[in-house]
Protein chains: 2
Amino acid sequence: MEIKNKQQGIMIVADVLDIVGGKWRGQILAHLCDDPKRFNELKTVLNKITSSTLTKELRYLEDIKMVERKIIQDKPIVIEYKLTDHGMSIKDLIVHIVEWGQKHRDSVFKKDE
Amino acid sequence: MEIKNKQQGIMIVADVLDIVGGKWRGQILAHLCDDPKRFNELKTVLNKITSSTLTKELRYLEDIKMVERKIIQDKPIVIEYKLTDHGMSIKDLIVHIVEWGQKHRDSVFKKDE
DNA sequence: AACACAAGTAGTTTTTAAGATACTTAATGC
DNA sequence: GCATTAAGTATCTTAAAAACTACTTGTGTT
């Protein structure tokens with residue numbers, strides 16, 4: 001499939017990159033592709049993110065219906081974050097991103113030499 | 001293909017999003033997928049980008065060998081920016097991004113209601 | 001009762017990205 | 001010789017993203 005309607009296509013590129021871009025959003029989504037995770041699990045696995053940043057990013061992803069906050073137990077309260085059905089669709093895209101990155105890591109990710 | 005080696009995979013997600021992320025980089029690459037373009041052509045088509053920002057982004061994309069600056073004529077000097085052979089490989093990824101965006105635009109891009 | 005853990009919130013500061021504005025250099029057309 | 005276009009550079013300001021530090025609330029643990 002080709003990119004039809006150039007102008008519209010390019011606007012969509014920017015829109016999608018809004019969702020997945022930034023320092024953390026893509027990583028959060030990638031981690032949630034594997035399985036649902038609790039707040040502090042995400043915090044641990046996303047090395048160095050702060051609580052306030054993680055909260056902000058999760059709220060954003062909830063707002064756009066990519067991620068769902070689910071109370072899975074109260075007393076003591078346990079909350080998990082998972083991709084919505086719709087959010088699951090991002091998995092394929094993330095696979096494509098990783099594939100491209102793996103193929104091209106040598107040419108692109110070298111800072112030295 | 002699955003995402004093997006979770007930790008590495010997620011680092012790669014972040015790396016790739018560095019390349020393609022930000023307000024302009026994805027759009028510049030998307031436009032260059034179609035055909036090479038001159039500085040002012042890019043400036044026109046990327047509505048509202050400033051010269052200094054465009055210069056900065058192009059230099060970055062040159063540094064990572066995604067884009068090539070080519071003098072195609074002197075007197076008067078004419079320069080064009082084109083994807084390198086390697087840079088062309090991003091086209092497929094952009095197609096995937098656009099496809100995802102098109103499928104999910106209704107659920108994701110609505111701000112109202 | 002004191003402490004720890006989970007899941008945050010609140011306020012401030014720092015860093016980074018992007019924008020605004022103005023200038024430059026070389027050539028070309030009028 | 002003056003204006004215009006192409007392809008930028010230089011400097012400063014603003015805005016947005018992320019980080020830093022500290023605090024909170026509920027619960028359970030010893």
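So you know, we letter chains A, B, ... as the sequences are listed, proteins then strands, and number each from 1.
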[X] has an atom [atom1]; how far is it from atom [atom2] of [N], in whole Å?
X        : N       : atom1 : atom2 : value
Leu54(A) : dA19(D) : CG    : P     : 11 Å
Ile72(B) : dA6(D)  : CD1   : C1'   : 12 Å
Leu42(B) : dA7(D)  : CG    : P     : 10 Å
Arg38(A) : dT27(D) : CZ    : C1'   : 12 Å
Leu61(A) : dA17(D) : CG    : C1'   : 15 Å
Glu41(B) : dG8(D)  : CD    : P     : 13 Å
Ile77(B) : dG8(D)  : CD1   : C1'   : 11 Å
Gln73(B) : dA27(C) : CD    : P     : 12 Å

Close N or O pairs between protein and nucleotides 16-19 of chain C (under 3.5 Å):
{"from": "dA18(C)", "atom 1": "OP1", "to": "Lys23(B)", "atom 2": "N", "distance (Å)": "2.6"}
{"from": "dA18(C)", "atom 1": "OP2", "to": "Glu57(B)", "atom 2": "OE2", "distance (Å)": "3.2"}
{"from": "dG19(C)", "atom 1": "OP1", "to": "Lys23(B)", "atom 2": "NZ", "distance (Å)": "2.7"}
{"from": "dG19(C)", "atom 1": "OP2", "to": "Trp24(B)", "atom 2": "NE1", "distance (Å)": "3.0"}

Intermediate values then yes/no, side-chain contact (heavy atoms from CB on, under 4.5 Å), Leu58(B) and Arg69(B):
CA-CA 9 Å; Leu58(B) 288 171; Arg69(B) 178 182 187 273; over 6 Å; no

Measure from the side chain of [X], starting at C-beta and using heavy atoms only, and say which of [options] lies closest.
X        : options                  : answer
Ser51(B) : dT9(D), dG28(D), dA27(C) : dT9(D)
Arg59(B) : dA27(C), dT9(D), dA6(D)  : dT9(D)
Thr55(B) : dG8(D), dA6(C), dT9(C)   : dG8(D)
Phe39(B) : dG8(D), dT9(C), dA6(C)   : dG8(D)

Phosphate oxygens OP1/OP2 of dA7(C): is one of them under 4.0 Å from a side-chain N or O of Arg69(A)?
no

Looking only at side-chain N and O atoms, does Tyr81(B) come under 4.0 Å of OP1 or OP2 in dA6(D)?
no

Chi angles and distances behind the ring-ring contact (aromatic ring centres under 6.0 Å, His included) call for Trp100(B), His104(B):
CA-CA 6 Å; Trp100(B) 186 89; His104(B) 300 282; 4.8 Å; yes

State, to 0.1 Å, how close Ser51(A) and Phe39(A) come at their nearest heavy-atom pair, and which atoms those are.
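Minimum heavy-atom separation between Ser51(A) and Phe39(A): O-CZ, 3.8 Å.
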
What's the shortest heavy-atom distance between Leu17(A) and Val20(B), and which atoms?
CD1-O, 3.2 Å

Going through the checks in order, is the side-chain contact (heavy atoms from CB on, under 4.5 Å) test met by Thr50(B) and Thr53(B)?
CA-CA 5 Å; Thr50(B) 61; Thr53(B) 300; 3.0 Å; yes

For Asp35(B), is there an ion pair with Lys37(B) - N to carboxylate O distance below 4.0 angstrom?
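Counted as a salt bridge, because a side-chain N and a carboxylate O are separated by less than 4.0 Å.
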
I would like to know whether Leu42(B) and Ile49(B) meet side-chain contact (heavy atoms from CB on, under 4.5 Å); could you show each step before the answer?
CA-CA 9 Å; Leu42(B) 281 170; Ile49(B) 196 171; over 6 Å; no

